[in-house]
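Take a look at the structure set out below.
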Amino acid sequence: MRVLRVRRWMAALAAFAVTSALAVVFVSSPAGAAGGTGTGYLHTSGNKIVDSAGATVRLTGINWFGMETDNRTFHGLWSSNPWRSQIDKMASLGYNTLRVPFSNDALKPGATATSVNDYVNPDLAGNTPLQILDKVIAYAGGKGMRIILDRHRPTSAGQSALWYVSATPESTWIDDWKMLARRYAGNTTVIGADLHNEPHAEGTNPAATGSCWGCGDPARDWRLAAERAGNAVLSVNPDWLIFVEGVSCPSGGLSNVWDNDPTNDEDCGWWGGNLSKAGQFPVRLSVPNRLVYSPHEYATSVYRQAWFDDPSYPANMPAIWDRYWGYLHRQNIAPIMIGEFGSTLQSPIDKVWLQELLKYTGTGVNGMSFTYWSWNPNSGDTGGILKDDWTTVDQAKQDIIQPYLIPPSGGSGGTPGPSPSGTPTATPTATPTATPTVSPTANPASCTSSYRLVNSWQGGFQGELTIKNSGDSALNGWKATWTMPSGVTLASAWNAVVTTGGTTWTAQGPDWARNLGAGQSVAVGFTANGTAGQPSGVTCSGS
């Protein structure tokens, strides 16, 4: 099955003549992850993204699309390559961030995910789009990866010039973002919202009808809309980064090249790729240090822009990138995270473009962040990192990108966030159980525990052990120990640093949440290999 990803852009006109209060603290963090993904939530400082400890973070990620289409879930789930294996491969190649496109249709009550190979992915059978997303977030977090949610389309029918259409008004757009922000609040695997994909020009100037930047019309000014949505998100989840793409033409309209009136003509770029007015008209958010600008950039397999035929190519490209978005980084105004860039690499021009673009972003942790388009092979105008079998890596592409990747490390996983109703969102293949296990009376912390089997599949399972400090004083430097059945081995864990020695498992409070107050709880989540079995003999203590 192939999907042709169709774009329209301004430059194409030339051819005409994109569980508890404490759980908020103790949920999924790639703690101990070095360089690439950092520790805790992320924020900005000048042109850098930094972690909760102030260390510079470079996001070097990839797009895995499908949730924005009629399938309403990740493409490739129909293949013979299991979804976990795909994420394993992403992480092993060095991609530390996953950008997830979705449409508002996938978020509707009753939305169903289609084209899922239940034989290869039995744990996804019958899951809703959001439940599958929860599982991907949990597993990717276990690899130390971060997640950026990208509202790619207002409906699965296609992209839109404005951030709203009749079927998905602005109010729905904002409400859905607030729902997602609440759903994943406290889950530090999910770091932010790419508010709308590729706003762009529509209509011919002076009768522009598309997204403008700084024009002041609330119905068309993308900068003002990004402020409204971004501030709404931050009102319910102030920890998220807000990713704002550019437009194609600042006026919001296509140039009229036939009227011989230069006042109606302007410098336009890729859909979502023109941030030339962001310096003059910056996005103003209610929470400081949360704004990341996220342009898109493509090669001739998408469209042969005039600059590719410049006699000085590729020497002309840095000045073009500077003009459209690079100045924001170079002038220390805000970080840049290139949300999409890609090519089939069939043309030598495109290979040079990819090499030069990555060189422009810089090397090491101080370089600009990016998420490559795409993991999927079924992007018609770019192809993917995977080939059509959804398993084999396109090594020619990977070899160019590889030197700029900062692999995820550490990683304590990601746990599915609560649904709006507050109930767990994961749908297990077996009926979940909640078997209380009481700690010995000798334990001075007076801690109790309960266990829930969240999910199971052939050869493995996901569990959640909730530890509660039932004493009257704080449990500082908390630690819990329990026994697992023989043959069960740890795959990943979150909300605690979990180590094993034979059948004995130990969880300790991470550096950012070492203490467990009186009456507070922490849900230690994990995935394991082996037959599903519950912990026994749970004890806990403090330092």
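Note that the numbering runs from 1 along the sequence shown for the chain.
Note on ring orientation: taking the six-membered ring where Trp is involved, the planes of Trp163 and Trp222 are tilted (angle from 30° to 60°).
Between the side chains of Asp51 and Tyr41, no donor-acceptor pair is found at a separation under 3.5 Å. Under the 3.5 Å distance criterion, with hydrogens and angles disregarded, a donor-acceptor pair is assigned to the side chains of Asp123 and Trp83. No hydrogens or angles considered: a donor-acceptor pair under 3.5 Å links the side chains of Asn71 and Thr114. Defined by atom type and a distance below 3.5 Å, a donor-acceptor pair is present between the side-chain atoms of Asn96 and Thr60. Neither side chain, Ser379 nor Asn376, offers a donor N or O lying under 3.5 Å from an acceptor on the other. For the residue pair Asn237 and Tyr184, no side-chain donor N or O sits within less than 3.5 Å of a side-chain acceptor on the partner. Side-chain contact, Asp322 with Tyr360: a donor N or O sits under 3.5 Å from an acceptor N or O. Side chains of Ser312 and Asp310: a donor on one and an acceptor on the other come within 3.5 Å. There is no side-chain donor-acceptor pair under 3.5 Å between Gln86 and Trp390.
For the atom pair CD1 (Ile385) and CD (Gln395), the distance works out to 9.0 Å, reported to the nearest 0.5 Å. Between atom CG of residue Asp221 and atom CG of residue Leu162 there is a gap of 11.0 Å, rounded to the nearest 0.5 Å.
Considering Arg153, Glu245, Arg151 in turn, Glu245 is the only one that fulfils the side-chain contact (heavy atoms from CB on, under 4.5 Å) rule with Asn197.
Using a 4.5 Å heavy-atom cutoff, the side chains of Val100 and Leu133 are in contact. In this structure, Tyr303 and Gln305 have side chains that are in contact, with non-hydrogen atoms separated by less than 4.5 Å. The shortest distance between side-chain heavy atoms of Tyr293 and Met337 does not fall below 4.5 Å. The shortest side-chain heavy-atom distance between Thr69 and His75 falls under the 4.5 Å cut-off. Side-chain contact between Arg146 and Leu98: absent, with no pair of heavy atoms (C-beta onward) separated by less than 4.5 Å. Side-chain contact check for Arg330 versus Trp321: every heavy-atom pair is 4.5 Å or farther apart. Within the 4.5 Å cutoff, no side-chain heavy atoms of Leu59 are placed close to those of Phe370. Using a 4.5 Å heavy-atom cutoff, the side chains of Arg323 and Tyr327 are not in contact.
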Passes ring-ring contact (aromatic ring centres under 6.0 Å, His included), Trp353 versus Tyr313? Steps please.
CA-CA 9 Å; Trp353 164 86; Tyr313 180 81; 9.6 Å; no

Please step through ring-ring contact (aromatic ring centres under 6.0 Å, His included) for the pair Trp173 and Tyr164, ending with a clear verdict.
CA-CA 7 Å; Trp173 174 55; Tyr164 60 92; 8.5 Å; no

Determine, step by step, whether Trp177 and Phe102 satisfy the ring-ring contact (aromatic ring centres under 6.0 Å, His included) criterion, reporting the C-alpha distance in whole Å, the side-chain angles of both residues, the deciding distance to 0.1 Å, and the verdict.
CA-CA 11 Å; Trp177 266 128; Phe102 67 89; 5.4 Å; yes

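Between the side chain of Asp194 and the backbone N or O of Leu149 there is no donor-acceptor pair closer than 3.5 Å. The closest donor-acceptor contact from the side chain of Asn274 to the backbone of Val247 lies at 3.5 Å or more, if one exists at all. A donor-acceptor pair under 3.5 Å is formed between the side chain of Gln402 and the backbone N or O of Leu93. Here the side chain of Asp350 pairs no donor or acceptor atom with the backbone of Ser343 at under 3.5 angstrom.
The two residues Pro129 and Arg72 have their closest heavy-atom pair at CB-O, 3.1 Å.
With salt bridges taken as basic N to acidic carboxylate O contacts below 4.0 Å, one links Arg99 and Asp150. Contact check on Glu170 versus Arg220 returns no salt bridge, with no Lys/Arg side-chain nitrogen under 4.0 Å from an Asp/Glu carboxylate oxygen.
Checked against the 6.0 Å centroid threshold, His152 and Trp373 count as a close aromatic pair. The aromatic ring centroids of Phe341 and Tyr298 lie 6.0 Å or more from each other. Aromatic pair Phe74/Trp375: centroids not less than 6.0 angstrom apart.
Between Cys249 and Cys268, the sulfur-to-sulfur (SG-SG) separation falls under 2.5 Å.
Arg223 forms no cation-pi arrangement with Phe281, by the criterion of a distance under 6.0 Å to the ring centre and an angle within 45° of the ring axis.
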